[in-house]
Structure formats: C-alpha cells, structure tokens
Amino acid sequence: MQENQFESRHAFNISGPMENVVHRTGLCPFSLHHTYIARGFINALYLHCHPEAELFYMEEGQVVFQIENQTFVLNQGDGIFVPPGLTHNATIAPTDSCSYYAIVFSTDLLEKSLPPYCQNYFAALHRQILDCIYPAWDTSVNSRLRALLPRIFTYYETPLTDCELSLTGLLMEVWQELYNLHFCHLLNHSTDSCVKSELQNAMEYMQQSYADSLTLSQIANHVGLSEGHFCRSFKAYTGVPPFTYLNRIRIIKSCEYLTETAKKITEVAALCGFNNISYFNRVFYKTMLVTPTDYRREGITGSM
C-alpha cells in the first residue's frame with residue numbers, strides 16, 4: 001500500500017472524550033481515515049469529540065452511531081455529518097464486521113477561504129449546532145450528497161499534493177448540499193443578530209464558569225439581557241435552552257475527570273458544578289446513556 005500523508009484512525013485506543021489531536025496540517029483543512037473492525041469487537045468508534053466537523057461513511061456492514069443523545073443505524077452506503085465539538089461513537093454487533101471511512105475537517109478554514117458574503121452558509125453551525133446533525137441516506141431526498149461522499153474517499157491513498165484542491169472542492173460541494181438540504185431551513189428560525197455578541201458572551205461565560213453554581217439571572221445579567229429575552233434568544237441561537245447547554249459542558253468535563261483521575265464521583269460532580277449527586281447522575285445518564293460508575297469502570301466503551 002502506498003504511504004500517504006493522511007492520518008489513519010483506529011477505534012481501539014481510548015484516551016478521553018476530547019481528542020488532543022488536531023486533524024489537519026498546515027493549510028490543509030482535513031484528514032482522511034479508514035478503519036476496519038473485525039468480528040468479535042463491540043467498539044467500532046470510541047466515544048470522543050474534536051473541534052473539527054466530520055463526515056462518516058459506511059463502506060461495509062452496519063453500526064449503531066450515536067451523536068450526543070441521538071442514535072442512528074448506519075448501513076453500507078450511508079453517511080452522517082457530525083458537527084464540531086459533539087461527542088460521538090459507534091458500536092457493532094460482535095458477530096459482525098464492518099469498515100468505514102471518515103473525513104475530519106476544519107469548518108473555520110473552509111469558511112475563511114470564502115468571501116465575507118458567503119458566511120451565511122456557515123451561520124446555522126454557529127447558532128444551532130445540535131440541530132446541524134444530518135444523516136445522509138435517503139436517496140429520494142439527498143441523492144447528490146450520497147453520491148459525493150464515496151468520491152471523497154477515492155483519494156484515501158493519493159498523495160496530498162496530488163489531490164488537496166480536488167478534496168477541498170468536494171468538501172465545498174458537500175457543504176453546499178448540506179446547506180440546501182438542511183442548514184438553510186434552520187436559519188429561518190434563527191435569532192435576531194442584534195443579540196449575537198451577547199449570546200456568544202454568555203456561551204463563553206458558561207464555558208469558563210461551569211464549576212460555579214450559576215443561576216439563569218446571573219448569566220442573563222452578565223450579558224445585559226432580561227431572563228425571558230435571554231432564554232428565548234439563546235434557544236433560537238443554539239437550538240437548546242441555556243441550562244441544557246451548560247449541563248452538556250459540565251458532563252463533558254466530568255467525563256475527563258472520570259477517565260483521567262481517581263477522584264470520587266461526588267467530588268467530580270462538585271467540581272463540575274453539580275451540588276446534588278442525584279441530579280448529576282440523572283443528567284449524566286441522559287447525556288451519556290450510562291451511569292458515571294459504569295462509565296469509569298468500563299472505560300469510554302461503557303457508554304456505547
């Protein structure tokens with residue numbers, strides 16, 4: 001097999017939910033991966049997240065693919081778009097085998113390569129990231145998108161210098177299809193742009209202060225909005241209520257503590273802003289579909 005400049009990712013090394021790998025080099029906004037899972041394995045893709053987006057394409061077999069708390073069954077020829085920063089994983093029946101491709105790419109680099117008037121094509125991703133998940137398998141609706149995905153992965157063994165522009169062009173075509181089929185409809189319900197900076201400030205505030213006992217009034221006051229206006233605008237902007245967003249930050253951080261430290265679960269809960277251990281357990285299970293104890297005991301594969 002010809003050695004290429006793309007990364008190859010396999011699903012057996014577990015290090016934590018947020019990957020430390022940056023899936024790009026230099027100005028190249030993407031990396032290609034191919035993985036084969038033999039019979040006898042359950043974990044097809046370890047639970048993780050990364051700051052880049054991902055397009056996942058099933059070459060052979062079937063997997064159960066999970067993004068946050070949403071579950072999808074992917075068969076041969078199916079694909080799915082994973083927005084940046086969302087936890088995702090896949091499992092397979094131990095009696096089956098499968099193989100899949102993935103391209104992990106920086107939406108920021110794609111966006112910055114376009115003129116300012118094209119920024120609207122990326123607006124939904126910044127505002128309603130959870131709603132941007134898109135499964136691509138209904139040929140009656142998205143036949144062009146479904147046909148584009150395997151074309152991307154024909155370049156897997158091609159030297160980067162021979163295909164970088166072609167791959168970038170294909171990613172742009174994919175993004176256009178995602179926008180036409182899905183993203184543009186999300187924008188119809190987006191929030192007033194006049195409070196965009198306040199909402200981004202609120203998101204940053206929650207990311208920095210997740211360990212504190214924040215209240216809705218504190219967050220709203222921090223950005224200078226009334227509670228009602230803040231709640232309505234925040235949900236329109238992100239697709240989720242403020243405390244759903246905050247709890248997601250807290251749960252992702254708690255996963256890091258559970259896998260990387262020996263701290264007691266009560267201590268982990270407190271460090272992540274949960275003063276009630278029962279509430280922490282409920283939110284953790286709702287988000288990760290496994291208890292904190294089982295998550296720690298079984299490793300990340302326990303949430304699959």
Side-chain angles (χ1 to χ4, degrees), residues 1 6-15 17 19 23 30-50 52-105 130-157 170-171 174 177-178 181-182 255 285-290 294-295 298-304:
M1 179 180 293
F6 295 123
E7 290 183 80
S8 178
R9 181 183 61 206
H10 299 279
F12 309 112
N13 294 323
I14 299 171
S15 60
E19 289 188 322
H23 294 274
F30 43 72
S31 60
L32 285 170
H33 312 273
H34 182 255
T35 301
Y36 171 77
I37 306 296
R39 289 182 177 85
F41 289 94
I42 298 176
N43 183 11
L45 177 66
Y46 65 95
L47 181 69
H48 69 294
C49 61
H50 39 66
E52 300 89 5
E54 183 168 351
L55 283 164
F56 185 94
Y57 176 74
M58 284 299 298
E59 182 184 37
E60 292 182 351
Q62 180 189 84
V63 298
V64 177
F65 201 91
Q66 183 172 320
I67 307 175
E68 296 292 330
N69 61 351
Q70 300 185 47
T71 301
F72 309 86
V73 177
L74 302 183
N75 294 292
Q76 181 177 342
D78 291 339
I80 195 163
F81 171 70
V82 184
L86 300 187
T87 58
H88 53 286
N89 66 277
T91 57
I92 182 175
T95 55
D96 296 339
S97 62
C98 75
S99 61
Y100 60 81
Y101 284 98
I103 182 166
V104 182
F105 60 99
L130 289 172
D131 292 331
C132 286
I133 299 168
Y134 188 73
W137 54 60
D138 186 347
T139 55
S140 65
V141 176
N142 51 36
S143 57
R144 177 168 167 75
L145 177 58
R146 190 181 174 103
L148 281 169
L149 294 182
R151 286 179 57 193
I152 290 174
F153 301 111
T154 61
Y155 291 106
Y156 177 68
E157 294 186 358
L170 282 172
L171 280 177
V174 166
E177 290 302 308
L178 287 170
L181 292 165
H182 187 52
C255 288
Y285 188 86
K286 182 178 180 181
T287 304
M288 307 305 294
L289 300 182
V290 69
D294 288 342
Y295 185 91
E298 300 176 20
I300 294 177
T301 54
S303 65
M304 298 182 178

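Quick caveat, the model's predicted, so the values are computed rather than measured.
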### Message
Looking at every heavy atom in both L178 and Y134, which two are closest together, and how far apart are they?
### Response
CD2-CD2, 3.7 Å

### Query
Should V63 and I37 be marked as a side-chain contact (heavy atoms from CB on, under 4.5 Å) after you check the CA-CA gap, both sets of side-chain angles, and the distance that decides it?
CA-CA 10 Å; V63 298; I37 306 296; over 6 Å; no

### Query
Of all heavy-atom pairs between G61 and C98, which one has the smallest distance, and what is that distance?
CA-CB, 4.1 Å

### Query
Ignoring hydrogens and geometry, is there a side-chain-to-backbone donor-acceptor pair from H182 to P135 under 3.5 Å?
no

### Under 3.5 Å donor-acceptor, E68 side chain and T87 backbone
yes

### Message
If we ignore hydrogens and angles and just use 3.5 Å, is the side chain of Y57 paired with the main-chain N or O of I152 as donor and acceptor?
### Response
no

### Message
List the residues meeting side-chain contact (heavy atoms from CB on, under 4.5 Å) with Q76, not counting sequence neighbours, and say none if there are none.
### Response
none

### Task
Determine whether L45 and Y100 make a side-chain contact, defined as any pair of heavy atoms from C-beta on separated by less than 4.5 Å.
yes

### Message
Please list all pairs meeting salt bridge (charged side-chain N to carboxylate O under 4.0 Å, His left out) that have one or both residues in residues 81-91, counting only residues at least two apart or in different chains.
### Response
none

### Task
Count the heavy atoms of every other residue, nucleotide or ligand shown that sit under 6.0 Å from CZ of F72, and state whether that count exceeds 12.
yes

### Query
Taking only residues two or more places apart in sequence or in another chain, which ones pass salt bridge (Lys or Arg N to Asp or Glu O under 4.0 Å) with R144?
E173, E177

### Task
For side-chain contact (heavy atoms from CB on, under 4.5 Å), just list the numbers for F65 and D78, CA-CA rounded to whole Å, side-chain angles, deciding distance to a tenth of an Å, and then say yes or no.
CA-CA 11 Å; F65 201 91; D78 291 339; over 6 Å; no

### Task
Find the distance between CG (L148) and CG (L55) and round it off to the nearest 0.5 Å.
10.0 Å

### Summary
Here the gap from D96 atom CG to I42 atom CD1, rounded to the nearest 0.5 Å, amounts to 11.5 Å

### Summary
Closest heavy-atom pair, V73 versus W137, reported as atoms and distance to 0.1 Å, is O-CZ3, 3.9 Å

### Query
How far apart are the closest heavy atoms of A136 and N142, and which atoms are they?
CA-ND2, 3.6 Å

### Task
Anything under 30° is parallel, anything over 60° is perpendicular, the rest tilted; go ahead and classify H34 against Y156.
tilted

### Task
Could you pull out all residues at least two apart from E60 that satisfy side-chain contact (heavy atoms from CB on, under 4.5 Å)?
S99

### Task
Provide the closest heavy-atom pair for L149 versus G79 in the form atom of the first, atom of the second, distance.
CD1-CA, 3.9 Å

### Query
Is the closest side-chain donor-acceptor distance between H33 and S31 under 3.5 Å?
yes

### Message
For F153 and Y101, take the angle between the two ring planes, folded into 0 to 90°, and tell me which bin it lands in: parallel under 30, tilted 30 to 60, perpendicular over 60.
### Response
parallel

### Message
Are the side chains of L171 and I103 in contact, using a 4.5 Å heavy-atom criterion?
### Response
yes

#### Entry: For F81, all residues meeting ring-ring contact (aromatic ring centres under 6.0 Å, His included), sequence neighbours excluded
W175, F183

### Message
Looking at every heavy atom in both V82 and H88, which two are closest together, and how far apart are they?
### Response
CG1-ND1, 3.6 Å

### Query
In chain order, what residues pass the side-chain contact (heavy atoms from CB on, under 4.5 Å) check against S97, with sequence neighbours excluded?
Y36, R39

